[in-house]
Undergrad: 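A single structure is presented below for examination.
It should be emphasised that the depicted structure is a prediction, and the values quoted were computed from it without experimental measurement. To find a chain, count down the sequence lines: A is the first, B the second, and so on, and within it residues start at 1.
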Number of protein chains: 2
Amino acid sequence: MFDDTQQYIYSVHMSSSSPASPKSGARKPRALTRDKVITQAMALADQDGFDALSMRKLAASLDVTAMSLYNHVTGKDDLLDLMLNRVVAEFELPQIDGPWDEMMRRRAGSMRQALLRHRWAPALLISKIALGTEILRDINATLGCLITAGFSYAQADWARNAIDSHVYGYTMQELNFPVAPEQYQAAAAQFLPMISRQDYPFMHQAAMQIIEGKYDGMTRFSFGLELILDGLARWRQSPSGGGGA
Amino acid sequence: MFDDTQQYIYSVHMSSSSPASPKSGARKPRALTRDKVITQAMALADQDGFDALSMRKLAASLDVTAMSLYNHVTGKDDLLDLMLNRVVAEFELPQIDGPWDEMMRRRAGSMRQALLRHRWAPALLISKIALGTEILRDINATLGCLITAGFSYAQADWARNAIDSHVYGYTMQELNFPVAPEQYQAAAAQFLPMISRQDYPFMHQAAMQIIEGKYDGMTRFSFGLELILDGLARWRQSPSGGGGA
DNA sequence: ACCTGAACACCGTTCAAGT
DNA sequence: ACCTGAACACCGTTCAAGT
C-alpha cells in the first residue's frame, strides 16, 4: 500500500540475520522479498505486457507457487500500487527553488519517458488511487516549485492538473498509435483507399499531405506542453480569475 | 469491428421476416441482435463497473448462454470496440464552417460528459485502436473545422491531439478522484494529520488552504482547455514553427 | 515465518451437437 | 441461422497443512 523502501531495508535485515537454510543445498536461496516480487512483476509487465502478468505466472517466474506471493504482498491490487510507486519514482523531482517552467518541462519529459518504458503504467496510474510515498513526494515538489515561483495554491493545483492531463493523455495516445514514425508515409499510402474521400474528406486530404511529404504526420509532445506553459506564464503575470491565497 | 448501424438494420429485417417461433410460447422472443448485445453491455458496464462485464454475466442478463453472444459479436474485444464507437457517437460533432474555438469548446465539453456517463470508456478509448465509423466521423469533422478556420493540416493534427490529450487526461483524473467536491473541506481536515508537514510541507499547506476556505480545492476542466485554445489562437495568427501546407 | 496443495468461484473461447 | 452443453485452459484468492 505504501512505501516499499522500508520493506526493502527490512527484508535485507531479515535475510542477513538467518545464516543459511539447514537442509536444502544451494538450489533454492529462499530469499523471496517484497522488493524482488515488485521488480520481477515490473520486468514481466514491461516485457510480456500487462495482460500476461498473473499472480501464477509471476510466481512461476520466481520459482515459487502463486500462494507464496501473498506472504509479501496483500494481493494483486496491492502489488499494482507498489509497482506504480516505483514508476513515479522515475519522474524527475522538481527543485523547489528552480525556474518553474524549466522544472515543469523536465518533469513532464521524464514522466513521458518513464511511461514509455512502462507501457502498462499510465492506464493504471490514472484509473487508480495509489498513494505511495514517491507519489506524495512528486506532488509535493511539483506544487512547491510552482508556489515558490509565485503561483497561488489554487493556481499551482490547476497548473499541475493541466500538465499531468497533457502528459498522460498525450503519452497514452502515443503508446497506442499503431505505426512507427518512419512508416507514416508508407502507412498513409496503404490506408488511403480505405478512407472514403466522400465520407471523410479532411482525413483523406490529411493522408494525402503525408503521402506527398508536406506533413510528416508526427504530433509533438512539446506542442501541447508549451501551449500550457506559455499560458501559465501569462496567467502568472495577470492572475485574472484566481481562486485566492 | 466497424459500424453497428448496418448490422442493426440487417437484424430488424431478419426478425420481421421470420413470422413467429413455432413451438415455444411467447416467453422467449429470441430476437437477440448485435444492437441489443451492445446496448446491454454498455448498461451493465455503466451500472456495475467494467470489471463486472463478463461474457457470461452479459449473456445471463440477456437470458441466454454465453456462447450465443458469439453469433452477434466476434469476441469480447470486438464487443468493446463496438461499445467505444457508441460512446464516441455521443461526442458533439463540430460544424465544419463554425467558429473553430467555440466548436472545439463544445466538442471537448460533450466528450467530458460522455466519458463521465461511461466511466469505463476513457481507459479503453486511449489504450485501444478502435476505428468505428463514429470515430472516423469525429476525427474528420474536428480536423475539418480547424482546417477550414485557417489552420494547416499539421497544425490541425497537433491541435486535435493537444485537446484530446487534455480531455482524456483531465477526465480520467476527475473520474479517479476519491471525494466529491462538496466534501473537499471535510476530507482535507480528515487527512491533514496523515500528510506529514515535514515530508510534504506544500501538500500540508495546500490542505490547510482548503480547510480555511481559501481555496475550494476544485480543479477546472476549462482552465487547461482555455490555456490550450488561447495558445492555438495565437499560433494561428503567427504560425512560428509550422509544419507546412 | 514462510511456503505449499487442494479447492473454490470465477474467466474467454472452441467445438460438436442440437433445432 | 441461431442457440446450447460440455470442455479446455486459464484466473485471483482462501484455507488448512506442512516445515
Undergrad: Polar pairs (N or O, both sides) under 3.5 Å between protein and nucleotides 10-12 of chain C?
TA:
unit_1, atom_1, unit_2, atom_2, d
C:dC11, OP1, B:S54, OG, 3.3
C:dC11, OP1, B:K57, NZ, 3.4
C:dC11, N4, B:R56, NH2, 3.3
C:dG12, OP1, B:M55, N, 3.2
C:dG12, OP1, B:K76, NZ, 2.9
C:dG12, OP2, B:M55, N, 2.9
C:dG12, N7, B:R56, NH1, 2.3
C:dG12, O6, B:R56, NH1, 3.0
C:dG12, O6, B:R56, NH2, 3.4

Undergrad: Measure CG/B:L62 against P/D:dC2 and give the value in whole Å, please.
TA: 15 Å
Undergrad: If the condition is side chain to side chain contact (heavy atoms under 4.5 Å, CB included), which residues does A:D199 pass it with, not counting sequence neighbours?
TA: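 With neighbours one apart ignored, the set is A:S196.
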Undergrad: Rounded off to whole Å, could you give me the CG-to-P distance for the B:N71 and C:dA16 pair?
TA: 16 Å
Undergrad: Hey, mind stepping through B:D46 and B:R117 against salt bridge (charged side-chain N to carboxylate O under 4.0 Å, His left out) and telling me if it holds?
TA: CA-CA 7 Å; B:D46 288 348; B:R117 274 193 294 274; over 6 Å; no
Undergrad: Tell me, which stems hold DNA chain D, with a stem being 3 or more Watson-Crick or G-U pairs in a row and both distances under 3.5 Å?
TA: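 Stem segments, range with range: C:4-8 with D:12-16, C:12-16 with D:4-8.
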Undergrad: Taking only Lys NZ, Arg NE, NH1 and NH2, and the carboxylate oxygens of Asp or Glu, determine whether B:R106 and B:E92 approach each other closer than 4.0 Å.
TA: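 Yes, this pair counts.
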Undergrad: How many Å lie between CG on B:L69 and C1' on D:dT4, as a whole number?
TA: 12 Å
Undergrad: Is any side-chain N of the basic residue among B:D48 and B:K57 closer than 4.0 Å to the acidic one's carboxylate O?
TA: no
Undergrad: The criterion is side chain to side chain donor-acceptor pair (under 3.5 Å); which residues satisfy it with A:R220, sequence neighbours excluded?
TA: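 A:R220 satisfies side chain to side chain donor-acceptor pair (under 3.5 Å) with A:D216 only.
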Undergrad: With a cut-off of less than 4.0 Å, is there a side-chain N or O of A:H72 near OP1 or OP2 of C:dC3?
TA: yes
Undergrad: Hey, could you give me each pair passing ring pair (Phe, Tyr, Trp, His ring centres under 6.0 Å) that has a residue in residues 112-133 of chain A? Not counting sequence neighbours.
TA: A:H118-A:W120
Undergrad: Between D:dC2 atom P and B:R34 atom CZ, what is the distance in whole Å?
TA: 12 Å
Undergrad: Got a sec, which residues hit side chain to side chain donor-acceptor pair (under 3.5 Å) with B:Q205, two or more places apart in sequence or on another chain?
TA: none
Undergrad: Taking atom P of C:dT13 as reference, at what distance in whole Å does atom CG of A:D51 sit?
TA: 12 Å
Undergrad: Salt-bridge test for B:R86 and B:D35: reply yes if a basic N is under 4.0 Å from a carboxylate O, no otherwise.
TA: yes
